[in-house]
Amino acid sequence: MTAIEVKDLVKKYDSITAVNGISLEVKSGEFFGFLGPNGAGKTTTIHILCTLLKPTSGSAKVNGYDCVTQALQVRSSIGLVFQETTLDRELSVYENLLFNCYLYNLKKKVAEARIDEILEVSGLKDRKHHSIMKLSGGMRRNLDIARGILHRPKILFLDEPTIGLDPQARIHIWDFINKLRKQEAMTVFLTTHYMEEAEKCDRIGIIDHGRLIALGTPAELKRMIKGDVIHLRTTRDLEIEQMIQKQFQLSTKRTPEGIFLEVDSGEAFIPLLFKTFGDQIQAININRPSLNDVFLHLTGREFK
Ligand SMILES: Nc1ncnc2c1ncn2[C@@H]1O[C@H](COP(=O)(O)OP(=O)(O)OP(=O)(O)O)[C@@H](O)[C@H]1O
Ligand SMILES: [Mg+2]
């Protein structure tokens with residue numbers, strides 16, 4: 001079954017085209033990642049899918065419901081965790097959760113059971129009656145997510161769930177998300193600009209300037225680059241890049257970080273590089289392609 005169906009979606013804000021003709025489908029149960037740099041259009045797309053914004057043109061369906069004409073049905077079948085926390089700081093953990101249960105018309109008894117269950121899974125059980133002010137950033141984020149799924153949505157939208165958190169807190173949040181995916185068999189639509197998070201998704205859409213520039217499993221996307229990726233820093237990147245292009249007939253990319261080369265075999269190529277430019281090489285790295293390399297390959301820019 002299709003969980004999300006987007007066709008030729010466009011969203012313009014006056015002179016800015018935030019979403020510029022995106023089409024994609026997400027299957028039921030899939031863990032889908034929307035990966036893109038700042039301002040790429042990720043939040044705008046999620047807000048359209050969650051009926052908070054109307055598209056300028058194109059269409060979007062969520063759980064089979066149209067995001068414009070059947071907004072109520074869409075809303076009751078999804079959970080959304082915003083990029084910025086929306087917890088009420090004046091209330092306790094429990095009160096924040098209870099408030100959401102009321103919004104979804106859950107009966108008190110059901111609400112209490114769900115709250116206890118979700119506190120257990122989110123690792124916040126011993127914080128039930130603490131005020132939000134006393135929680136760490138990671139705990140607040142877990143609570144945001146817990147709150148987003150109290151009504152057992154079929155699809156959970158997570159907009160940058162771990163942004164700004166330290167690595168330890170990010171690990172906890174991922175444990176929680178993974179538990180939820182197993183328990184509830186939910187479709188998860190995630191936006192992120194962390195490559196390592198995107199790596200864990202079943203499929204990824206890479207978005208840049210409002211356009212979907214690549215779509216596939218992490219492995220499929222990385223196969224767009226054959227062989228190895230070499231990252232080179234030299235005393236004069238501009239000239240050396242041109243010389244490499246001429247001498248080895250390679251496509252290269254140059255960024256403020258250095259020169260990137262895609263080669264069939266890094267091991268075979270590095271000795272040739274040293275033979276020609278040895279005294280001008282300051283640093284050299286050879287790696288299997290990452291999603292950052294895929295982005296660089298497609299856009300000529302680093303993923304920042
Ligand atoms: N309410 C608005 N009015 C005008 N322009 C907006 C509005 N919201 C977003 N934009 C613009 O639309 C573009 C896409 O923004 P969006 O928030 O969707 O990006 P994003 O991919 O979520 O970025 P980030 O990673 O920084 O969260 C940006 O150029 C942004 O400045
Ligand atoms: Mg955003």
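Everything numeric here is computed off the predicted structure, so don't read it as measured data. Ligands are counted one by one from 1 in listed order, and the atoms in each one are counted from 1 as well.
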Just say parallel, tilted or perpendicular for the rings of Phe277 and Phe248, cut-offs at 30° and 60°.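 The arrangement is perpendicular - the two ring planes meet at more than 60°.
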Looking only at protein heavy atoms, which one is nearest to [atom], and how far off is it?
| atom | answer |
| --- | --- |
| atom 10 (N) of ligand 1 | Tyr13 CE1, 3.4 Å |
| atom 27 (O) of ligand 1 | Gln83 NE2, 2.9 Å |
| atom 18 (O) of ligand 1 | Thr44 OG1, 2.6 Å |
| atom 26 (O) of ligand 1 | Asn38 ND2, 2.8 Å |
| atom 14 (C) of ligand 1 | Gly39 O, 3.4 Å |
| atom 29 (O) of ligand 1 | Ile16 CG2, 3.9 Å |
| atom 17 (O) of ligand 1 | Thr43 CB, 3.7 Å |
| atom 12 (O) of ligand 1 | Ala18 CB, 3.3 Å |

For Gly41 and ligand 1, answer yes if some heavy atom of the residue is under 4.0 Å from a ligand atom, otherwise no.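 It does; at least one heavy atom falls under 4.0 Å.
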Hey, does His47 sit under 4.0 Å from ligand 1 if you only count heavy atoms?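 His47: no contact with ligand 1 (<4.0 Å).
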Strictly below 4.0 Å, N to O, side chains only: are [X] and [Y] in salt-bridge contact?
| X | Y | value |
| --- | --- | --- |
| Arg152 | Glu117 | yes |
| Glu30 | Arg181 | no |
| Glu160 | Lys42 | yes |
| Glu220 | Arg203 | no |
| Glu302 | Lys253 | no |

Would a distance-only check, ignoring hydrogens and angles, find a side-chain to backbone donor-acceptor pair under 3.5 Å from Asn20 to Gly210?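 Side chain of Asn20 to backbone of Gly210: no pair is present.
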Is the backbone N or O of Glu90 less than 3.5 Å from a side-chain atom of Asp88, with the two atoms forming a donor-acceptor pair by type?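 Checking the backbone N and O of Glu90 against the side chain of Asp88, a donor-acceptor pair under 3.5 Å is found.
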If you measure every N or O of Ala40 against every N or O of ligand 1, does any of those distances drop under 3.5 Å?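 By distance alone, the answer is yes.
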Name the one of Lys109, Lys125, Lys128 that satisfies salt bridge (charged side-chain N to carboxylate O under 4.0 Å, His left out) with Asp116?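 Of the listed options, the one satisfying the test is Lys128.
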Answer yes or no for atom 2 (C) of ligand 1: protein heavy atom present at a distance under 4.0 Å?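 So atom 2 (C) of ligand 1 has protein heavy-atom neighbours under 4.0 Å.
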Using 2.8 Å as a strict upper limit, say whether an N, O or S atom of Gln83 approaches the Mg ion (ligand 2) that closely.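 It does: Gln83 brings an N, O or S atom closer than 2.8 Å to the Mg ion (ligand 2).
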Is the Mg ion (ligand 2) less than 2.8 Å from at least one N/O/S atom of Thr191?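 No N, O or S atom of Thr191 is closer than 2.8 Å to the Mg ion (ligand 2), so no.
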Dump the intermediate steps for salt bridge (Lys or Arg N to Asp or Glu O under 4.0 Å) on Arg301 and Asp208, then the final yes or no. CA-CA 11 Å; Arg301 304 194 322 276; Asp208 187 37; 2.8 Å; yes
Minimum non-hydrogen distance to atom 20 (P) of ligand 1, winning option of His193, His209, Lys42: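 Looking at heavy atoms only, the winner is Lys42.
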